[in-house]
Amino acid sequence: MVRGARQPQQPRSRLAPRLTGTVEKPPRKRKSRTEFALKEIMSSGGAEDDIPQGERKTVTDFCYLLDKSKQLFNGLRDLPQYGQKQWQSYFGRTFDVYTKLWKFQQQHRLRTSETSYLNEAFSFYSAIRQRSYYSQVNKEDRPELVVKKLRYYARFIVVCLLLNKMDVVKDLVKELSDEIEDYTHRFNTEDQVEWNLVLQEVAAFIEADPVMVLNDDNTIVITSNRLAETGAPLLEQGMIVGQLSLADALIIGNCNNQVKFSELTVDMFRMLQALEREPMNLASQMNKPGMQESADKPTRRENPHKYLLYKPTFSQLYTFLAASFKELPANSVLLIYLSATGVFPTGRSDSEGPYDFGGVLTNSNRDIINGDAIHKRNQSHKEMHCLHPGDLYPFTRKPLFIIVDSSNSVAYKNFTNLFGQPLVCLLSPTAYPKALQDQSQRGSLFTLFLNNPLMAFLFVSGLSSMRRGLWEKCQEYLRKINRDIAQLLTHSRSIDQAFLQFFGDEFLRLLLTRFVFCSATMRMHKIFRETRNYPESYPQLPRDETVENPHLQKHILELASILDVRNVFFENTIDDY
């Protein structure tokens with residue numbers, strides 16, 4: 001949620017005195033705002049055809065419970081402020097409705113990561129904008145209504161970001177800027193600074209990409225980093241891989257001073273996009289041969305469930321981990337992505353256990369000044385506000401795929417696979433060359449490689465812009481590199497079988513091939529010369545067959561030649577053919 005301003009006081013409903021009605025009976029005459037909102041969604045852009053009947057009923061039921069809870073809550077204000085017994089029945093009835101609403105939200109939580117829900121939200125917000133729903137707000141001397149309008153803009157921007165509609169985002173940011181300027185000029189409120197901060201955050205967020213792709217007329221091309229039909233290398237005949245599929249993903253962000261908007265850091269956003277399929281137009285799907293016959297059959301879930309946790313406490317993180325672990329289906333994988341500040345051991349230890357190497361920072365409301373944790377406790381004690389590798393051991397009872405982007409990522413190199421289930425950890429460099437360190441606020445280079453490897457390759461090569469034609473040519477060559485990396489991994493005789501167990505899933509296969517490309521690129525680059533500049537993994541990959549393979553090194557040099565940046569890479573690492 002955007003923490004831009006305080007929630008204005010809920011206006012008293014005219015239906016507030018109706019406390020004797022039952023939850024089962026819907027109101028007969030007056031249409032609520034939520035019913036109007038639902039009607040707007042259904043009537044915009046043909047969205048009704050895309051919403052199954054069962055899901056439409058879910059939305060209707062939710063709207064009704066929400067309205068009923070508001071009516072009962074507002075009605076409590078009309079009760080006399082004396083006596084005790086007369087309050088009990090009204091409080092009980094109100095509490096019951098809120099309980100039903102809460103349970104309904106838990107049972108029908110829209111966390112399926114289906115982009116159709118975002119498209120519905122986009123249709124709804126677009127309808128509000130096109131029909132000038134808030135056009136009269138600025139004419140009234142009511143700051144709470146203006147705040148509602150500003151919140152609408154902030155939420156619309158979040159939806160557009162998640163849908164990668166950056167052209168709309170830029171228009172919305174300009175409109176939001178004008179609205180904030182008008183708001184601060186007309187009303188002397190306490191939240192002016194907060195709203196200006198919201199504007200600064202979103203402006204920095206949309207400018208976080210280090211490379212621009214340009215059309216011939218110098219307009220910026222909006223690139224998508226979701227999984228397309230031709231994105232992941234195909235499994236060729238003879239490749240022996242596991243049949244596991246990625247079902248759940250926890251995306252955790254707790255980096256100090258990284259660009260963010262709402263509760264979404266740049267790293268979280270990039271990993272979120274890497275775990276999304278490129279949405280297909282429903283009409284084009286139905287025109288494909290065989291689609292009409294299978295339309296009524298259940299299809300596989302397009303995207304894994306995702307939890308986005310921004311600066312969670314240890315207890316919050318562990319609660320979501322446990323819930324996701326419990327609900328994980330058979331033959332499925334849980335992915336944990338950690339983008340967080342490193343926590344290092346405070347003293348030497350005679351042992352080398354899973355709690356002796358530190359880990360990554362979890363949030364705490366105390367002992368933190370200017371973003372830096374203060375270690376006041378005895379050095380023999382372990383850091384409390386830290387996710388240690390040992391904390392993840394219980395969850396290795398099921399297939400687990402871990403990505404750690406942190407200055408202390410190597411702490412997770414000391415894993416022990418206690419239960420024999422597939423387990424892989426992809427670990428970022430713990431430090432970058434000084435020439436690249438100033439860019440850390442705009443997102444991690446390691447995560448950028450996993451999200452958009454070509455943009456990351458251009459960035460480390462010193463390029464800040466590129467023409468669309470050359471971009472597409474390089475993307476096609478990069479797909480060839482990914483296919484060859486897939487062959488290297490599946491044909492290796494010494495690779496740990498855990499990698500191949502995950503290779504059957506398209507998302508994980510693409511992450512693994514991008515990881516190898518990232519590692520090989522950094523090992524060949526002239527400014528990446530220290531061991532801590534390189535990614536690592538658990539279990540270790542056979543270097544001579546993967547990240548230091550001469551065939552892969554030749555491909556990287558050929559890509560550099562296409563971009564005319566071959567001079568930034570070492571050439572004496574490849575063998576003669």
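These numbers come from a predicted model, not from an experiment. Throughout, numbering of the chain's residues begins at 1 and tracks the sequence.
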### Task
Measure across Pro345 and Gly358 and return the closest heavy-atom pair with its distance rounded to 0.1 Å.
CG-N, 3.8 Å
### Summary
Shortest non-hydrogen pair, Thr341 vs Cys255, comes out as OG1-CA, 3.9 Å
### Message
Between Arg493 and Glu545, does any side-chain N to carboxylate O distance fall below 4.0 Å?
### Response
no
Enumerate donor-acceptor pairs with a distance under 3.5 Å from any side-chain N or O in residues 449-464 to protein atoms, sequence neighbours excluded.
{"residue": "Asn451", "atom": "OD1", "partner": "Asn225", "partner atom": "ND2", "Å": "3.3"}
{"residue": "Asn451", "atom": "ND2", "partner": "Arg270", "partner atom": "O", "Å": "3.0"}
{"residue": "Asn452", "atom": "OD1", "partner": "Met455", "partner atom": "N", "Å": "3.2"}
{"residue": "Asn452", "atom": "ND2", "partner": "Asn225", "partner atom": "OD1", "Å": "2.9"}
{"residue": "Ser461", "atom": "OG", "partner": "Phe457", "partner atom": "O", "Å": "2.7"}

### Of Phe502, Tyr337, Phe515, Phe507, the residue whose pairing with Phe401 passes ring-ring contact (aromatic ring centres under 6.0 Å, His included)
Phe502
### Query
So, for Leu275 and Ala249, which heavy atoms are closest and what is the spacing to 0.1 Å?
CD1-CB, 3.8 Å
### Task
Answer yes or no on whether Lys526 is positioned over the face of Phe569, meaning its NZ or CZ is under 6.0 Å from the six-membered ring centre and within 45° of the axis.
no
### Task
Could I get the full list of ring pair (Phe, Tyr, Trp, His ring centres under 6.0 Å) partners for Phe269, not counting sequence neighbours?
Phe205
### Query
Does the pair Arg479/Glu476 count as a salt bridge with the N-to-O cut at 4.0 Å?
yes
### Minimum heavy-atom distance Met522-Tyr432, with the two atoms named
CE-CE2, 4.1 Å
### Query
Only one of Asp496, Leu423, Val424 clears side-chain contact (heavy atoms from CB on, under 4.5 Å) with Asn417; which?
Leu423
### Task
State, to 0.1 Å, how close Asp505 and Leu244 come at their nearest heavy-atom pair, and which atoms those are.
CB-O, 3.6 Å
